[in-house]
Amino acid sequence: MSADRTLYQMFPIDRRHEIAPELEPRPSPESWPDSISELTELRQKLDPDDPGRLPSDWIEGMRAANARGDVVMFRVHRGFFQSLGVFDWDRFEELMYLLIDDPAFVQEAMAIVGDFSVRLAKRVLKEVRVDAAIFSEPIGGNSGPLISPQMYEELVLPSYEPVLSVLRQHGVETIIFRTYANARVLVPSVLKWGFNCLWACEVNLEAMDYHDLRREFGRELRLIGGIDVDVLRHDKETIRREVEEKVPPLLADGGYVPLADGRIRAEVPFENYVYYRGLLEEVIHS
């Protein structure tokens, strides 16, 4: 790709903006709480009015995007594990034990994060129009999520409900569950709680096949992604087969945005990417 060109100049790309506030406690805790008595500090560090959570010019930029009719998305929550400080193995192990030994702590901690998300959402939504909200939920691997659907409904989803309610009150129509690997067994739960769009990234293809998901859940579940990013490393025939088999039926059914299911890595040949984008445009407009 030449240095003097951008993707916007090379390909038709819908203008999309993502409001991505800093969602971590500020300042970062020296150690994450592991009992209810330690949660006061977490609450204090989750201040939605902290000016450092958003760029100083975010209102001006997003209002301009609203005026142009660009899509504006809002990353409102970073999911269960990251909200409770899982960034290494030790905290992961500690939290997995807490799920069993002290579920009341987990519920209270998630309620604190949920209250923070509610107040942050109100701060954002009183200033700009948001088309879609994103809950990021990195919660499992290729074999499935690391907690059961029952535990997810009992300990996690109730803390999302107040946030979902605020989003609905402000007319945010699309609530995106952006997940990774294999979260198939959680889909019925998130639909029940009010999510209506799945954005599955870097997935287990057998478990998260979008045609299967559409057959099972219908257009009630909108979809973003679904194109295996790994095929871009292969030959053009493999790319063509992937796009032509997956995209047209989902587009015809509606409620679908075709997109590679992960970031385009450096080892993808530029010629392959150009071919993929051209083919995608051809399929979309055929």
Side-chain angles (χ1 to χ4, degrees), residues 17-59 61-62 72-99 102 105-128 130 132-141 145-147 152 155-164 166-167 172 175-181 183 190 195 199 201-202 263:
H17 308 269
E18 191 167 308
I19 302 171
E22 174 59 74
L23 298 176
E24 294 187 20
R26 286 172 52 91
S28 297
E30 293 185 9
S31 62
W32 284 82
D34 60 7
S35 67
I36 290 178
S37 62
E38 297 177 348
L39 288 176
T40 300
E41 182 182 355
L42 178 64
R43 187 186 296 275
Q44 292 170 344
K45 291 184 174 185
L46 289 174
D47 178 8
D49 298 317
D50 180 344
R53 295 205 174 274
L54 287 157
S56 59
D57 61 349
W58 76 273
I59 296 177
M62 291 304 104
V72 175
M73 294 179 167
F74 172 32
R75 185 169 61 87
V76 69
H77 206 293
R78 59 198 179 120
F80 171 62
F81 282 115
Q82 291 190 350
S83 291
L84 296 190
V86 175
F87 299 104
D88 58 34
W89 175 260
D90 289 341
R91 178 58 177 175
F92 170 73
E93 182 181 22
E94 180 179 53
L95 184 57
M96 295 304 282
Y97 279 112
L98 286 167
L99 284 165
D102 196 354
F105 161 80
V106 175
Q107 287 177 311
E108 180 63 21
M110 289 303 295
I112 289 172
V113 176
D115 179 65
F116 160 71
S117 297
V118 164
R119 292 183 291 148
L120 183 61
K122 289 180 177 178
R123 175 185 168 189
V124 168
L125 295 170
K126 76 177 183 180
E127 302 290 353
V128 299
V130 168
I134 301 172
F135 287 68
S136 183
E137 194 70 270
I139 200 169
L146 298 174
I147 65 176
Y152 190 66
L155 302 181
V156 180
L157 284 173
S159 70
Y160 292 175
E161 171 53 34
V163 192
L164 294 166
V166 167
L167 294 170
V172 181
I175 313 295
I176 300 170
F177 186 76
R178 183 160 68 186
T179 191
Y180 306 81
V190 299
F195 291 85
W199 188 346
C201 305
E202 299 173 1
R263 290 174 293 168

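The figures here come from the full heavy-atom set of this structure, side chains too, leaving out hydrogens, waters and symmetry mates. Just so you know, residue 1 is the first one in the sequence shown, and it goes up from there. Everything numeric in this text was worked out from a predicted model, so none of it was measured.
For the pair Gly79 and Ser83, the tightest heavy-atom approach, listed with the atom from each and the gap, is O-OG, 2.6 Å. Contact between Gly140 and Ala181 at its shortest, heavy atoms only, is O-CB, 3.8 Å. Nearest heavy atoms, Leu23 versus Arg78: O-NE, 3.5 Å. Taking all atoms of both residues into account, the shortest heavy-atom contact from Lys126 to Arg123 is CG-O, 3.4 Å. Across all non-hydrogen atoms, the minimal contact from Pro145 to Ala183 is CD-CA, 4.4 Å.
Taking the side chain as every heavy atom from C-beta outward, Pro162 and Asp115 never approach each other to under 4.5 Å. Within the 4.5 Å cutoff, the side chain of Ser159 has no heavy atoms near those of the Phe80 side chain. Side-chain contact between Met110 and Tyr160 is present, with heavy atoms from C-beta onward closer than 4.5 Å. Side-chain contact between Val124 and Leu54: present, with at least one pair of heavy atoms (C-beta onward) separated by less than 4.5 Å. Considering only heavy atoms from C-beta on, Val76 stays 4.5 Å or farther from Leu120 through its side chain.
Taken from OG in Ser31 to CG in Asp90, the straight-line distance is 12.5 Å, to the nearest 0.5 Å. Summarising the geometry, atom OG belonging to Ser117 is positioned 10.5 Å from atom CG belonging to Leu164; distances are rounded to the nearest 0.5 Å. Taking CG of Leu155 as the start and CG of Leu99 as the end, the distance is 6.5 Å to the nearest 0.5 Å. With rounding to the nearest 0.5 Å, the separation of NE2 in His77 from CZ in Phe177 is 11.5 Å. If you take CD on Glu127 and CD1 on Ile59, they are separated by 3.5 Å, rounding to the nearest 0.5 Å. Between the CD1 atom in Ile36 and the CD1 atom in Ile112 there is a gap of 9.0 Å [rounded to 0.5 Å].
Pairs passing the salt bridge (charged side-chain N to carboxylate O under 4.0 Å, His left out) check and including a residue from residues 49-58, sequence neighbours excluded, read Arg26-Asp50.
Aromatic ring pairs are classed by plane angle as parallel below 30°, tilted from 30° to 60° and perpendicular above 60°; the pair Phe92 and Phe81 is tilted. Taking the six-membered ring where the residue is Trp, Phe195 and Phe135 present perpendicular rings, their angle passing 60° and hence far from 30°.
Counting heavy atoms of neighbouring residues, nucleotides and ligands inside a 6.0 Å radius, atom CZ of Arg119 exceeds 12 of them.
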(request) Give the C-alpha distance, both sets of side-chain angles, the deciding distance and a yes or no for side chain to side chain contact (heavy atoms under 4.5 Å, CB included) between Ile147 and Val156. (result) CA-CA 10 Å; Ile147 65 176; Val156 180; 4.2 Å; yes
(request) Walk me through it: do Phe74 and Val128 pass the test side chain to side chain contact (heavy atoms under 4.5 Å, CB included)? (result) CA-CA 10 Å; Phe74 172 32; Val128 299; over 6 Å; no
(request) Take Val172 and Val166 through the test side chain to side chain contact (heavy atoms under 4.5 Å, CB included) and record every step on the way to the result. (result) CA-CA 9 Å; Val172 181; Val166 167; over 6 Å; no
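No side-chain donor-acceptor contact under 3.5 Å links Gln82 to the backbone of Phe87. A donor-acceptor contact shorter than 3.5 Å is absent between the side chain of Glu93 and the backbone of Trp89.
Arg178 pairs by the side chain to side chain contact (heavy atoms under 4.5 Å, CB included) definition with Glu18, Arg75, Ile134, Ile176, Tyr180, Trp199, Cys201, not counting sequence neighbours. Under the side chain to side chain contact (heavy atoms under 4.5 Å, CB included) criterion, Ala109 pairs with Leu39, Leu84, Phe105, sequence neighbours left out.
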